[in-house]
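This report concerns only the one structure given below.
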Protein chains: 2
Amino acid sequence: MSKIVLPTEPECANISFLAVMHALSDPLRLSIVLSVLCEGEKTCGSFVIQAPKSTLSHHFRVLRESGVLSTRRQGKELINTVRKNDLDFLFPGLLDAVINGARPVVTSLYPHP
Amino acid sequence: MSKIVLPTEPECANISFLAVMHALSDPLRLSIVLSVLCEGEKTCGSFVIQAPKSTLSHHFRVLRESGVLSTRRQGKELINTVRKNDLDFLFPGLLDAVINGARPVVTSLYPHP
DNA sequence: AGAACAGTTCGAATATCATGGAACTGATTG
DNA sequence: CAATCAGTTCCATGATATTCGAACTGTTCT
């Protein structure tokens, strides 16, 4: 009987546009989002990105608390997904525009993924 | 023969996606952008927004330097426009998505404009 | 139970940003 | 030329973000 502690995520109605915009205006977070989107799901540890755990964890938190990512536990890993449905419902077109606009940014940061 | 000094704006090719995202993730700047978009053109002084000149000027600078606004002089006023063509070309759909997503934010800040 | 592992939380240093008063610039008007 | 006006620049202050090592939590495996 273990109490599973998961990080806080806002429900759809409480997702703030400004928080989402802020979350998506950081290069590292942007690359996380693109990566998760590409692969569908992703654990925190499975990133090529060169950064200490605590830094990555911080950015995952920002993404979660803003409503961009959703996290669930599977074994000892946490699995992340982009809340595409919620975001598309609340801010139609935003995520797609970001995906397109962000690709050059991210590929210039991490040329050959 | 007067030398007209205008604030710096990046040319289209040098507009950074992250800079644009950051510029658009502040409530005051967002309301400026929406307002300028609504009215087509707008001077800095013609804002209902309650804020000192220097603060407004700072936000206009951020918007200009990120490539969101373009400014030209007309008499003693500076006239601002949103660089919709450039932004739509570089980041298709972004501006429209922001306009839609931002409206609730802005109208909650300034209920009856 | 104990070791190993994924990821979080804490805490502190550093950097970046927003705010706003005061002085300044460049243009218009008297 | 002097006064005024729009807006910027300068500067200081407080707030918010980013970074990352170290300690901690919850989970699995032996």
Side-chain angles (χ1 to χ4, degrees), chain A residues 1-9 16 18-33 35-36 41-66 68-81 109, chain B residues 1-9 16 18-33 35-36 39 41-66 68-81 105 109:
Chain A
M1 292 305 149
S2 52
K3 191 170 62 174
I4 299 183
V5 179
L6 278 185
T8 58
E9 296 168 13
S16 143
L18 287 172
V20 169
M21 289 295 287
H22 170 253
L24 295 177
S25 59
D26 175 275
L28 218 149
R29 288 196 290 266
L30 208 46
S31 74
I32 290 175
V33 171
S35 178
V36 173
E41 302 188 318
K42 215 155 169 47
T43 63
C44 295
S46 65
F47 277 91
V48 197
I49 301 169
Q50 175 78 10
K53 297 194 309 177
S54 53
T55 298
L56 280 182
S57 185
H58 161 71
H59 288 296
F60 273 97
R61 168 196 276 262
V62 173
L63 288 167
R64 268 191 309 259
E65 292 186 340
S66 64
V68 174
L69 289 185
S70 178
T71 305
R72 73 174 193 282
R73 179 145 235 155
Q74 193 175 70
K76 49 184 172 181
E77 296 180 332
L78 296 186
I79 300 195
N80 298 281
T81 51
L109 277 178
Chain B
M1 292 305 148
S2 54
K3 192 169 63 173
I4 298 182
V5 179
L6 277 186
T8 58
E9 296 168 15
S16 145
L18 287 172
V20 169
M21 288 295 287
H22 170 255
L24 295 177
S25 60
D26 175 276
L28 217 149
R29 288 196 289 267
L30 209 46
S31 75
I32 290 176
V33 171
S35 179
V36 173
E39 325 234 339
E41 301 189 319
K42 215 154 167 49
T43 63
C44 294
S46 65
F47 277 90
V48 196
I49 300 168
Q50 177 77 9
K53 299 195 306 179
S54 53
T55 298
L56 280 183
S57 185
H58 161 71
H59 288 297
F60 274 97
R61 169 197 275 262
V62 172
L63 288 167
R64 267 192 309 260
E65 291 185 342
S66 64
V68 174
L69 289 186
S70 178
T71 306
R72 71 173 195 282
R73 181 145 234 153
Q74 194 177 68
K76 50 184 172 181
E77 295 180 332
L78 296 185
I79 299 195
N80 297 281
T81 53
V105 175
L109 277 179

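Residue numbering restarts at 1 for every chain, and letters A, B, ... go by the order of the sequence lines.
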Restricting both atoms to N or O, compile the protein contacts to nucleotides 21-23 of chain D shorter than 3.5 Å, with distance only.
unit_1	atom_1	unit_2	atom_2	d
dG21(D)	N7	Ser54(A)	OG	3.0
dG21(D)	O6	Ser54(A)	OG	3.3

Where protein sits on nucleotides 12-17 of chain D, one letter per nucleotide: B base, S sugar-phosphate only, - none, heavy atoms under 4.0 Å: -----S

For [X], give me all partners under side-chain hydrogen bond (donor to acceptor under 3.5 Å, both in side chains), at least two apart in sequence or on another chain.
{"X": "Ser70(B)", "value": "Glu9(B)"}
{"X": "His59(B)", "value": "Arg29(B)"}
{"X": "Thr43(A)", "value": "Ser46(A)"}

Nearest-0.5 Å distance, [atom1] of residue [X] to [atom2] of residue [Y]:
{"X": "Leu69(B)", "Y": "Arg64(B)", "atom1": "CG", "atom2": "CZ", "answer": "7.5 Å"}
{"X": "Leu30(B)", "Y": "Leu63(B)", "atom1": "CG", "atom2": "CG", "answer": "9.0 Å"}
{"X": "Met21(B)", "Y": "His22(A)", "atom1": "CE", "atom2": "NE2", "answer": "10.5 Å"}
{"X": "Leu28(A)", "Y": "Gln50(A)", "atom1": "CG", "atom2": "CD", "answer": "11.0 Å"}

By side chain to side chain contact (heavy atoms under 4.5 Å, CB included), Ser54(B) pairs with (sequence neighbours left out) Pro52(B)

Side chain to side chain contact (heavy atoms under 4.5 Å, CB included) with Ser57(B): which residues, sequence neighbours excluded? none

Counting side-chain heavy atoms from C-beta on, which of dG7(C), dG7(D), dT8(C) comes nearest to Glu77(B)? dG7(D)

Determine whether Phe60(B) and Asn80(B) make a side-chain contact, defined as any pair of heavy atoms from C-beta on separated by less than 4.5 Å. yes

Spacing between [X] atom [atom1] and [N] atom [atom2], to the nearest angstrom:
{"X": "Ile79(A)", "N": "dG7(C)", "atom1": "CD1", "atom2": "C1'", "result": "13 Å"}
{"X": "Gln74(B)", "N": "dA6(D)", "atom1": "CD", "atom2": "P", "result": "14 Å"}
{"X": "Ile32(A)", "N": "dT18(D)", "atom1": "CD1", "atom2": "P", "result": "11 Å"}
{"X": "Asp26(B)", "N": "dT19(C)", "atom1": "CG", "atom2": "C1'", "result": "11 Å"}
{"X": "Leu30(B)", "N": "dC17(C)", "atom1": "CG", "atom2": "P", "result": "18 Å"}

Just to confirm, is there a sub-4.0 Å distance from OP1 or OP2 of dT8(C) to any side-chain nitrogen or oxygen of Arg64(A)? yes

dT9(D) phosphate, OP1 or OP2: any side-chain N/O from Arg61(B) under 4.0 angstrom? yes

Listing time: all N or O pairs from protein to nucleotides 3-5 of chain C that are below 3.5 Å?
unit_1	atom_1	unit_2	atom_2	d
dC5(C)	O4'	Lys76(A)	NZ	3.4

In short, salt bridge (Lys or Arg N to Asp or Glu O under 4.0 Å) pairs touching residues 52-63 of chain B with sequence neighbours left out are Arg61(B)-Glu65(B)

